[in-house]
Number of protein chains: 2
Amino acid sequence: MGLMQTTGTRYSKPILVAVNKPFDDEDGLQALRSHPLFRNIRSRDLEDLIHQSRRLRLGHHQLLYRQDMPAHHFFFVISGRLRLYRLDSSGIDRTLDSIAPGDCFAEVMIYADPPRYACYAEALKSSEVLMIPVKAYRDLLDRNPEYAQAALEHYARRAVNRFHDLEIMTVQNARDRLIRYLIDLLPNGAEEGGEVELPLPKCLVASRLAMQPETFSRILADLKANGLLRVNRSKLFISDPQRLIQISQ
Amino acid sequence: MGLMQTTGTRYSKPILVAVNKPFDDEDGLQALRSHPLFRNIRSRDLEDLIHQSRRLRLGHHQLLYRQDMPAHHFFFVISGRLRLYRLDSSGIDRTLDSIAPGDCFAEVMIYADPPRYACYAEALKSSEVLMIPVKAYRDLLDRNPEYAQAALEHYARRAVNRFHDLEIMTVQNARDRLIRYLIDLLPNGAEEGGEVELPLPKCLVASRLAMQPETFSRILADLKANGLLRVNRSKLFISDPQRLIQISQ
DNA sequence: ACAAATCTTTGAGTTAGGTCAATTACTCCG
DNA sequence: CGGAGTAATTGACCTAACTCAAAGATTTGT
């Protein structure tokens, strides 16, 4: 089944056609069962939902859906990584989020009327997603209102996270935005140092943080030169987050 | 009952102490009944919820709650206007949202554990809010799972709106961010022109859009000089939104 | 393993927007 | 109505970040 087709070779220019197949084995199911949105659903109901879903393999840079397309499905990432982005009228591609295995996305549209995707979604590398029919999930909730609470919690958390993302973007200078972004990536926040893996290629982190790739690169070089950071490909080591916070003022 | 107390005279420096009184008349109730979060709730249940709530009068610049405070209530705006903001470690105040009469806010925390406010909330002018106990609302949902769907819709919409706000902030230049912000304020978006009232004083719109008040003022002056905008206090008249969009590229 | 493509870094020059300062215009009070 | 306190505007200056360009590194596909 072809879901989407376009030409091109770079970010924002998706390539291929999706091919799905039944999701009838257990791969990736464990992660799904432990997701906040599903962990309270009885096995029988969950299996039923899964059987109405399809597993989709996505190639590198492959588009999953387009902004404004009717949203008949939402997704759970089994493996790989995706990004959400929007295209403005001048064709500039602005990255808004990245999605890791174990995450759900596009689920915010479930009750919208008409349900439409709010952005583009594409695979950053070859990935596998579970494609859950919105209707099947809605029916499940209608038949079992007690499941709605988990969904409510999930949506509320999502809204708070978006609010937090928005806050970072009101920081006026590029270096401080980047520092805040990095600290949020640390497993324990500013509490303690650690290694951080950028969830996106550097040029897309730059886009996410409303700066040019050159600016991103220079800021990172500067932090490195000042001993605040060690960089290894897309892995950054932050030994003292507090020092980072101090200089960001 | 004192809810909060601080000293100072400007934005981010709240002043007074809240005094509440029972919400036992019908003022503002119509708007509440038609809010998406409440309109499906049976009269009896809604009245019960309202009787467990308190009406709160807030003075100009009065603080309603603080970031990180335990969130025992969420709020519905009866009259006036509020803003949500965060304070960073260096004391800089960053405005994230404004709330108009008929809106609900802080409701995103309902199922958080522990529930805490994600930001500060203060009145921009003298205002009246309904202060709804989180526990009462949760109990209502627990007893009547069929009410959860409206809540789900509301939260989903909220998450999508925050996502959209985030998108605007990834626009890299100040003028285009402002243009996008103004077009979103238009009743019919870019479809047709109209008058727009800024929901915040100009210096706070600037803060919301990650720019200095001086920059905001200069951009507005420039748009005005180019005949793209007419300015009257906090009211802006945009005759041709399409032209605005064209120049923002 | 190689070639092609894309991503990243660095340099040099330019500009948008921040900073500081001073004036003017509002708004809220008494 | 008048005065105090903010908010908004404008000018001059400066710096952070953008643009353009080119070299280097990494990744992907054959």
Side-chain angles (χ1 to χ4, degrees), chain A residues 7-16 59-62 80-81 83 92-93 95 122-127 170-179 198 200-225 229 231-236 247-249, chain B residues 8-16 59-62 80-81 83 92-93 95 123-126 170-179 198 200-207 209-225 231-236 247-248:
Chain A
T7 57
T9 55
R10 294 165 124 252
Y11 289 122
S12 86
K13 294 175 191 159
I15 316 168
L16 296 174
H60 184 221
H61 282 191
Q62 186 174 352
R81 190 171 282 276
R83 75 170 176 128
I92 292 168
D93 161 343
T95 298
E122 69 157 26
L124 285 168
K125 51 185 175 185
S126 79
S127 304
T170 63
V171 172
Q172 284 191 38
N173 75 76
R175 195 193 55 171
D176 295 354
R177 258 183 342 260
L178 175 53
I179 288 175
L198 296 175
L200 295 161
K202 289 172 181 171
C203 65
L204 294 182
V205 175
S207 151
R208 177 52 242 282
L209 295 175
M211 67 182 77
Q212 296 302 124
E214 294 94 327
T215 303
F216 179 92
S217 178
R218 281 186 248 266
I219 292 170
L220 227 53
D222 181 65
L223 293 176
K224 197 166 60 175
L229 210 63
V231 183
N232 183 335
R233 315 267 178 127
S234 70
K235 289 188 173 62
L236 311 183
I247 68 151
S248 76
Q249 274 160 31
Chain B
T9 55
R10 292 164 129 254
Y11 288 122
S12 84
K13 294 176 191 156
I15 315 166
L16 295 174
H60 186 222
H61 282 192
Q62 186 174 351
R81 189 172 282 275
R83 74 169 176 129
I92 293 170
D93 161 342
T95 298
L124 284 168
K125 52 185 175 185
S126 78
T170 62
V171 172
Q172 284 191 37
N173 75 76
R175 194 194 56 170
D176 295 353
R177 255 179 350 256
L178 174 53
I179 288 175
L198 296 175
L200 295 161
K202 289 172 181 170
C203 65
L204 295 182
V205 175
S207 151
L209 295 176
M211 67 183 77
Q212 295 302 123
E214 294 93 328
T215 302
F216 180 93
S217 178
R218 280 187 251 265
I219 292 169
L220 227 53
D222 181 65
L223 293 176
K224 197 166 61 174
V231 183
N232 183 335
R233 314 275 178 118
S234 69
K235 289 188 173 63
L236 312 183
I247 67 150
S248 76

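Hydrogens, waters and symmetry mates are skipped; everything else that's a heavy atom, side chains included, is used. Numbered from 1 within each chain, the chains take letters A, B, ... in sequence-line order.
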OP1 or OP2 of [N] under 4.0 Å from side-chain N/O of [X]:
X        : N      : value
A/Gln172 : C/dG18 : yes
B/Gln212 : C/dT19 : yes
A/Arg233 : C/dC7  : no
A/Thr215 : D/dA17 : no
A/Lys202 : C/dT9  : yes

Between the side chain of [X] and the main-chain N/O of [Y], is any donor-acceptor distance below 3.5 Å?
X        : Y        : answer
A/Arg175 : A/Leu223 : no
A/Arg81  : A/Leu124 : no
B/Thr95  : B/Ser207 : no

Task: Closest heavy-atom pair and its distance - A/Gln172, B/Met211 - done: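 Result for this residue pair: NE2-O, 3.4 Å.
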
Open item on the list: With heavy-atom distances below 4.5 Å as the criterion, would you say the side chains of A/Leu220 and A/Leu178 are in contact?
Closed with: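 A/Leu220 vs A/Leu178: side chains touch.
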
What is the distance from [atom1] of [X] to [atom2] of [N], rounded to the nearest Å?
X        : N      : atom1 : atom2 : result
A/Arg177 : D/dC18 : CZ    : C1'   : 13 Å
B/Asp222 : C/dA16 : CG    : P     : 11 Å
A/Leu178 : D/dA17 : CG    : P     : 11 Å
B/Asp176 : C/dA16 : CG    : P     : 12 Å
A/Leu198 : D/dT26 : CG    : P     : 15 Å
B/Leu220 : D/dT9  : CG    : P     : 7 Å
A/His60  : C/dA5  : NE2   : P     : 15 Å
B/Leu124 : C/dC26 : CG    : C1'   : 16 Å

Open item on the list: When you measure only distances, ignoring hydrogens and angles, does the side chain of B/Glu214 come within 3.5 Å of the base of C/dC20 through a donor and an acceptor?
Closed with: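 Result: at least one qualifying N/O pair found.
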
Open item on the list: Looking at A/Arg218 and C/dG11, is any side-chain donor or acceptor paired with a base atom of the opposite kind under 3.5 Å?
Closed with: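 Result: at least one qualifying N/O pair found.
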
Can you tell me which nucleotide in [options] comes closest to the side chain of [X]?
X        : options                : value
B/Met211 : D/dT10, C/dG18, D/dA17 : C/dG18
A/His61  : C/dC7, C/dG17, D/dT10  : C/dC7
A/Ala174 : D/dA17, C/dT10, C/dA16 : D/dA17

- [ ] Using a heavy-atom cut-off of under 4.0 Å over every strand shown, decide if B/Ala206 touches base, sugar-phosphate, or nothing.
- [x]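 Answer is nothing: B/Ala206 stays at 4.0 Å or more from every strand.
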
